[in-house]
Trainee: 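Questions regarding the structure given below will be posed in turn.
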There are 2 protein chains.
Amino acid sequence: MMGGMSKQPKYRQVADALRREIDSGTYGPGARLPSEAELSTRFDASRNTIRSGLSLLVSEGLISSSQGLGYEVRKHEVFVLNASKFENLSFPQNGDAYSTDVTNAGRRPHQTFRVELTTAPEYIAERLTVDAGSRAVLRFCHRFVDDVPWSTQATHYPDWLVERAPRLTEPGDIAEGTTRYLAGLGIEQVGYADEIATRMPTPEEARLLEIGAGVPVLLWTRTGYSPERPIRCTITTFRGDLNRMNYEIGDLSARSENEPQ
Amino acid sequence: MMGGMSKQPKYRQVADALRREIDSGTYGPGARLPSEAELSTRFDASRNTIRSGLSLLVSEGLISSSQGLGYEVRKHEVFVLNASKFENLSFPQNGDAYSTDVTNAGRRPHQTFRVELTTAPEYIAERLTVDAGSRAVLRFCHRFVDDVPWSTQATHYPDWLVERAPRLTEPGDIAEGTTRYLAGLGIEQVGYADEIATRMPTPEEARLLEIGAGVPVLLWTRTGYSPERPIRCTITTFRGDLNRMNYEIGDLSARSENEPQ
DNA sequence: TTGCTCAACTTGTTGGTACAAGCTGATGTG
DNA sequence: CACATCAGCTTGTACCAACAAGTTGAGCAA
């Protein structure tokens, strides 16, 4: 019976059925799903089995749950980030650029800032071509949009650079921007290498970005180069469900006419 | 007692303890974790509670489980993909380039290929500036490295282009490459826009890429432009745990000396 | 030696129960 | 009316039990 298809476990059948109904619009973005008890009746399965099915959809990022409220279909509102704009050659979204962008989009920006004297972890040291464990300055930024955590940004500067640019250790934003400050000292960033990766958040990241289950993070590492050597390495961590990155390369004159914003 | 820290549920304590031990190297990449029964004794918790803790680590992508074998710490072997190399302006990893790259890395490439006459889904239609639902040709590629599924690639060509370039509908690879073929017809790709996003895989993607729980996919959309209008849109889906993307922009002469490969 | 069987391990699935804890609206008191 | 309380919903945590199903190695048979 049932068409001879492979016999799926019951919790999977539950997940598949609900996923179909979500995809087909029976439950649209933001809609509330029936309670575990109701689903238990409908599928003739125990609450545990229903929960297994639901938790599958949660870890797929399709729905989320809150105690006392129920399950609801996640709504995705993405923010597109243009990583190849020329003004960003200098720095991925410096403080001012970020505030301006967000305000222009009709949203309310907010950020906290911190400077730390630390040692370069291996990953950073490799990219700055310094010894792992050597001293470095970390400028850390935690960004919000409409009070929703959006991204964290950690920029590491190598020891030798800090000696020539002591204001990098100043707590608080540098008014003219770190790039202009460095340029004024004759240290010009002439190129960068970006690396993009994704994975599930660490508990620390999940806390800072208020990420629920089933949402990956997008990791953006930008290493900036002077003509002689790397001068900084920035790791930006985004909520994967809220962000997308853009690179535009070559002649795109055929594009701009049709694009909004 | 216990230092007055917030009282975490037991399954979380289990996950945290094991995560610490994995991070600290007690269980290295590929190592097998103690069985549920052993952990049950160690933490004085029921098997279900232990399973809750373990499934947390699974959905973080830290470990994986197989029936009959146990849980093991995932090993991450990443493949770096340079998206801004000039030869890739024409096409993200055309068939030959892919085979060459993989062979050079001492691995064994393998791919299956398919051509379909279809209608453009909304997402594609937007980027090709054609009407959603209008006819399009889809060239689909499923790639493996050492028989491990690596990526899927779906390239859509708009109807008007296919009329001028009928060989696009040929099943099987086009020997000289689609880009050269199109260039020979006077259709030159002069720029592209890349979009990068991440999310958890759909069941279909999980099947094709053999992705377990806790591994996101990396979505790479490249829209190629002629001087007049978009000519193709390629969506490549990568396993997030096996791939990383690179963009190099500007003068990186200070870099090459130190980089391997 | 070779090859098969099977016991003993592992995780996977499904059922049950009980209580904790978060949320909402009805109810009743001031 | 304003406000506190609480019943009744929701999901979260934790336990128990039983059997299914995949894997491995010991041990026996040919």
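Chain identifiers are assigned alphabetically (A, B, ...) following the order of the sequence lines, protein sequences preceding nucleic acid strands; residue numbering begins at 1 within each chain.
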Trainee: May I have the distance from A:Leu39 (atom CG) to D:dT10 (atom P), rounded to whole angstrom?
Mentor: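 So the CG-P distance, A:Leu39 to D:dT10, works out to 10 Å.
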Trainee: Name the residue from A:Arg239, A:Arg244, A:Arg107 that meets the salt bridge (Lys or Arg N to Asp or Glu O under 4.0 Å) definition with A:Glu77.
Mentor: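 In the set A:Arg239, A:Arg244, A:Arg107, the residue that makes a salt bridge (Lys or Arg N to Asp or Glu O under 4.0 Å) with A:Glu77 is A:Arg107.
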Trainee: Does a side-chain N or O of A:Ser46 approach OP1 or OP2 of C:dT14 to a distance below 4.0 Å, or not?
Mentor: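 Checking A:Ser46 against C:dT14: no side-chain N or O falls below 4.0 Å of OP1 or OP2.
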Trainee: Looking at B:Arg20 and B:Asp23, does any basic side-chain N land under 4.0 Å from a carboxylate oxygen?
Mentor: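 Salt bridge between B:Arg20 and B:Asp23, a charged N being under 4.0 Å from a carboxylate O: no.
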Trainee: Any side-chain N or O of A:Tyr71 under 4.0 Å from OP1/OP2 of D:dG12?
Mentor: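 Yes, such a contact exists.
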Trainee: For A:Ile50 and B:Leu33, take the nucleotide of DNA chain C holding the closest heavy atom to each; which residue's nucleotide lies nearer the 5' end?
Mentor: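 Between the two, 5'-proximity favours B:Leu33.
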Trainee: In whole angstrom, what separates A:Arg51's CZ from C:dA18's C1'?
Mentor: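 Taking atom C1' of C:dA18 as the reference, CZ of A:Arg51 is at 14 Å.
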Trainee: If you assign each of B:Asn48 and B:Arg32 to its closest nucleotide in DNA chain C, which residue comes earlier from the 5' end?
Mentor: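 So the residue in question is B:Arg32.
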Trainee: Need one value for B:Ser52: base, sugar-phosphate or nothing, where a base atom within 4.0 Å counts as base even if backbone is also close, heavy atoms only.
Mentor: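 The residue B:Ser52 makes no contact with any strand.
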Trainee: NA contact type, A:Arg12, heavy-atom cut-off 4.0 Å: base, sugar-phosphate, or nothing?
Mentor: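 No contact.
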Trainee: According to the interplanar angle, ranging from 0 to 90°, do the rings of B:Tyr247 and A:Tyr247 count as parallel (below 30°), tilted (30 to 60°) or perpendicular (above 60°)?
Mentor: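 Aromatic pair B:Tyr247/A:Tyr247 classed parallel.
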Trainee: Does a side-chain N or O of A:Ser65 approach OP1 or OP2 of D:dT11 to a distance below 4.0 Å, or not?
Mentor: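 Negative; the distance criterion is not met.
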Trainee: Would one find a side-chain N or O of A:Ser66 under 4.0 angstrom from OP1 or OP2 of C:dC23?
Mentor: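 So the side chain of A:Ser66 is outside the cut-off, no N or O lying under 4.0 Å from OP1 or OP2 of C:dC23.
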Trainee: When you check the gap from the basic side-chain N to the acidic O, do B:Glu170 and B:Arg139 get nearer than 4.0 Å?
Mentor: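 No.
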Trainee: State whether A:Thr49 places a side-chain N or O below 4.0 Å from either non-bridging phosphate oxygen (OP1 or OP2) of C:dG15.
Mentor: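 True: A:Thr49 side-chain N/O within range (under 4.0 Å) of C:dG15 OP1/OP2.
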Trainee: Could you give the CZ-to-P distance, from A:Arg47 to C:dG15, as a whole number of Å?
Mentor: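 About 14 Å, once rounded to whole Å.
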Trainee: Please give, in whole Å, the distance from C:dT13 C1' to A:Phe43 CZ?
Mentor: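 Roughly 17 Å, once rounded to whole Å.
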Trainee: Nearest-Å distance, NZ (B:Lys10) to P (D:dT13)?
Mentor: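 Interatomic distance, NZ of B:Lys10 to P of D:dT13: 14 Å.
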Trainee: Could you state the atom-to-atom distance from CD of A:Gln67 to P of D:dT11 in whole Å?
Mentor: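 So the two atoms are 10 Å apart, to the nearest Å.
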Trainee: Below 30° counts as parallel, above 60° as perpendicular, anything between as tilted: where do the rings of B:His110 and B:Phe144 land?
Mentor: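 The rings of B:His110 and B:Phe144 sit tilted, inter-plane angle from 30° to 60°.
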Trainee: Mind calculating the distance between CD (A:Glu38) and P (D:dT10) to the nearest angstrom?
Mentor: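 Whole-Å distance recorded here is 6 Å.
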Trainee: Mind calculating the distance between CD (B:Gln13) and P (D:dT13) to the nearest angstrom?
Mentor: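 Result: 12 Å.
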